[in-house]
Each structure stands twice: as structure tokens, then as C-alpha cells.
Number of protein chains: 2
Amino acid sequence: MTTAHERYERFCADIKAVGLRMTEQRKVILRVLAEATDHPDANALFQRAYAKDGSVSLATVYRTLRLLEDKGAIQRHAFDDGRARFENTDTDHHDHLIDLDTNAVIEFRSEKIEKLQAEIAAELGYEIVRHKLELYGRKRK
Amino acid sequence: MTTAHERYERFCADIKAVGLRMTEQRKVILRVLAEATDHPDANALFQRAYAKDGSVSLATVYRTLRLLEDKGAIQRHAFDDGRARFENTDTDHHDHLIDLDTNAVIEFRSEKIEKLQAEIAAELGYEIVRHKLELYGRKRK
DNA sequence: AATGCAATTGCGAATGATTTGCAAGAAAAG
DNA sequence: CTTTTCTTGCAAATCATTCGCAATTGCATT
């Protein structure tokens with residue numbers, strides 16, 4: 001299990017690795033991202049960062065998000081509600097089950113499904129670069 | 001196999017079923033939708049409808065789209081490129097493979113994957129209402 | 001510690017997709 | 001043909017996200 005602090009260090013390393021500067025704003029945003037265990041959207045991240053440091057702007061949150069996404073440090077998801085949501089990529093790959101009543105996001109992973117996907121793509125003459133599997137459902141009672 | 005004309009008739013029935021009016025514009029838009037075999041976005045649908053009848057506006061295309069989506073007659077997809085794309089729901093359920101180079105959308109269906117998904121959701125205590133499986137890949141050479 | 005300069009910021013304006021308010025136009029019912 | 005109510009097109013309004021730009025700030029070098 002990776003800790004929030006380890007994630008933060010890794011983000012910093014990613015930034016410096018390409019000669020980018022470590023600004024106050026970036027530090028705050030990276031920390032917020034590293035601490036997130038949910039799937040926040042850009043505005044939620046901005047709120048959290050702004051609470052820690054009022055000098056952070058929404059534009060910079062978006063810029064930092066894009067930066068990290070390009071480096072593969074975080075992942076962007078476009079669930080059915082329109083706006084983009086983000087999560088760390090240091091954890092193992094997994095898919096999502098979205099609770100239609102609460103909007104909660106549950107992570108899961110199935111080796112079998114991963115394998116089947118690759119097989120299907122191969123049959124169609126394709127190689128999978130990435131995939132998105134989202135189950136939308138309700139709790140059974 | 002459902003024909004475009006049958007689909008059109010069904011759309012009309014859906015509209016009239018709730019006491020809505022059958023206007024010229026709606027007729028044109030329904031026809032365009034019924035004839036679509038691809039996954040057009042709102043603007044593409046507007047272009048096609050406008051070509052048939054210059055009195056159709058983009059706003060009405062959006063309004064009609066939402067109408068049909070609410071009735072479950074068409075389905076909205078949010079692929080990773082941001083804008084919404086639509087398709088008829090009269091065909092059997094299927095998933096999508098998106099060609100990253102050409103943006104082409106290939107449909108497929110796997111019984112095994114469907115079954116696995118249901119199993120996974122059940123394990124987590126959920127019942128699937130709908131799901132979305134998108135493979136993003138490149139042609140193998 | 002002071003200097004220089006390119007990277008970075010916040011702001012507000014721009015964007016692109018989609019929605020909405022409203023007055024004018026057209027169905028359906030009488 | 002009239003009335004009532006639904007629909008429309010247009011333009012303005014949203015929403016999420018991006019961009020231009022002048023001001024600021026890291027950071028490598030003195």
C-alpha cells in the first residue's frame with residue numbers, strides 16, 4: 001500500500017524530472033491529490049486546495065491536473081455525469097462500479113475480464129491501449 | 001433486423017404515446033435518427049436534419065434527443081472526446097471498441113463478459129442497471 | 001544576498017457543448 | 001375558424017475547461 005506522503009514525493013519527482021518548477025501552488029495541489037482516496041472532480045480538488053492555501057486558482061488546478069495526466073501520474077475518468085474526475089494511478093489497475101443512488105464509486109478488478117477483453121480486441125484485429133469498464137447499479141436488499 | 005422505417009414508426013409511437021405533438025421538425029429529426037447506423041453527435045444529427053429541412057434548429061435537435069433519451073428510445077454515450085454521441089436502442093446490447101487513430105467505433109458483444117459483470121456486481125452486493133465497456137485501441141499490423 | 005530570465009500564476013475573457021427564456025408560430029381539440 | 005397549449009428558432013445563459021497576458025516567482029548564476 002502506498003501512503004499519501006509517498007504519492008506526494010512521487011508527484012514531486014515527476015515534476016522535477018522534466019525540469020519544471022516546484023511552486024507553492026503545485027505543492028498544495030499535489031498534496032491534495034496525494035491525499036485523495038475518492039474520485040474528485042476539478043472543482044472539488046480546487047476547493048480542497050484553496051482551503052489549504054488561498055493563492056491557488058481553479059485555472060492552476062486544471063493546469064496541474066493536465067500536467068500529471070500527461071505524465072501518467074493520475075488518470076482522468078469521464079463518468080456519465082459529464083465532468084471529469086481524477087484518481088491516482090499508483091494503485092493497481094481496476095474498474096468501477098457506480099452506485100446510482102449515492103454516486104459512490106467502488107473499485108474492483110477481475111483478471112478474467114481483463115483477459116477476455118484482450119481476446120476480443122485481438123479477434124477484431126486490435127491491440128488495447130486502455131479501456132473503461134463501468135457498472136452502474138443499485139444495492140441489492 | 002429492424003429497418004430504418006420500422007425504427008421511425010416506433011419513434012413516432014413513442015412521441016404520441018405521451019400526448020406530444022408530431023411536428024415537421026420532429027419528423028425530420030426522427031427520420032435522421034432512424035436512418036443512422038453510426039454514432040453521431042448532436043451537431044452531426046443537426047447537419048443531416050438541416051440538409052433535409054432548413055427549418056430545423058440545433059436547439060430542437062437537442063430537445064428531441066433528450067426527449068427520446070428519457071423514453072429510452074435512444075442511448076447517450078460519453079466517449080472520451082467530450083461530446084455526447086447517440087445511437088438507437090432497438091438493436092441488441094453491445095459494447096464499443098474505439099479506434100484511437102481514426103475514431104471509428106466498432107460494436108461487439110461477448111456473452112462471457114456480460115455474465116462475468118453480473119457475477120462481479122453480485123459479489124459486491126449490487127445489481128447492474130446498465131454498464132459501459134469501452135476498449136480504446138489501435139489496429140494491429 | 002542580489003540579478004536575470006524563463007516558467008508559472010491569477011485574472012478574466014474565450015471556448016465548445018448543451019440548455020433555457022421568450023415571443024412568435026403551429027398542432028390538436030372544439 | 002378559434003382557442004388552447006405545445007413547439008419552435010433565436011439569442012442569451014450555463015457549465016466545464018482552456019487561454020492570453022501582464023505580473024510574479026522559482027532557481028541557477030553571480
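Per chain, numbering begins at 1; letters A, B, ... match sequence-line order.
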> Determine: side-chain N/O of B:Arg83 to OP1/OP2 of C:dT18, distance under 4.0 Å, yes or no.
no
> Calculate the interatomic distance between B:Leu58 atom CG and C:dG16 atom P; express it in whole Å.
14 Å
> Which whole-number value in Å describes the distance from A:Asn43 CG to D:dT17 P?
9 Å
> Can you give me the N/O atom pairs linking the protein to nucleotides 21-27 of chain C at distances under 3.5 Å, or say none if there are none?
{"unit_1": "C:dA27", "atom_1": "N3", "unit_2": "B:Arg21", "atom_2": "NH1", "d": "3.2"}

> Without decimals, in angstroms, what is the distance between A:Lys16 NZ and D:dA28 C1'?
15 Å
> A:Lys27 NZ to C:dT9 P: how many Å, rounded?
12 Å
> If you compare every side-chain N and O of A:Arg26 against the phosphate oxygens of C:dA7 (OP1, OP2), does one of them come in below 4.0 Å?
no
> Could you state the atom-to-atom distance from OH of B:Tyr62 to P of D:dT8 in whole Å?
16 Å
> Any luck finding a side-chain donor-acceptor pair between B:His77 and B:Glu87 under 3.5 Å?
yes
> Rounded to whole angstroms, how far apart are CG on A:Leu67 and P on C:dT8?
8 Å
> Could you walk me through whether B:Leu58 and B:Tyr50 pass the side-chain contact (heavy atoms from CB on, under 4.5 Å) check?
CA-CA 9 Å; B:Leu58 183 56; B:Tyr50 188 84; over 6 Å; no
> Give a yes-or-no answer on whether the side chains of B:His39 and B:Glu107 include a donor-acceptor pair shorter than 3.5 Å.
yes
> Taking the nucleotide of DNA chain C with the nearest heavy atom to each, does A:Thr64 or B:Ala42 sit closer to the 5' end?
A:Thr64
> Can you check the A:Leu30 CG to C:dT9 P distance for me, whole Å?
10 Å
> Take the C1' atoms of the five end pairs on each side of the helix from C:dT19-D:dA12 to C:dG30-D:dC1, get both axes, and report the angle to 10 degrees.
30°
> Grab the CZ-C1' distance between A:Arg85 and D:dA16 for me, whole Å please.
14 Å
> Any side-chain donor-acceptor pair under 3.5 Å between A:His131 and A:Gln117?
yes
> Is a donor from one side chain sitting under 3.5 angstrom from an acceptor on the other, for A:Tyr8 and A:Glu6?
no
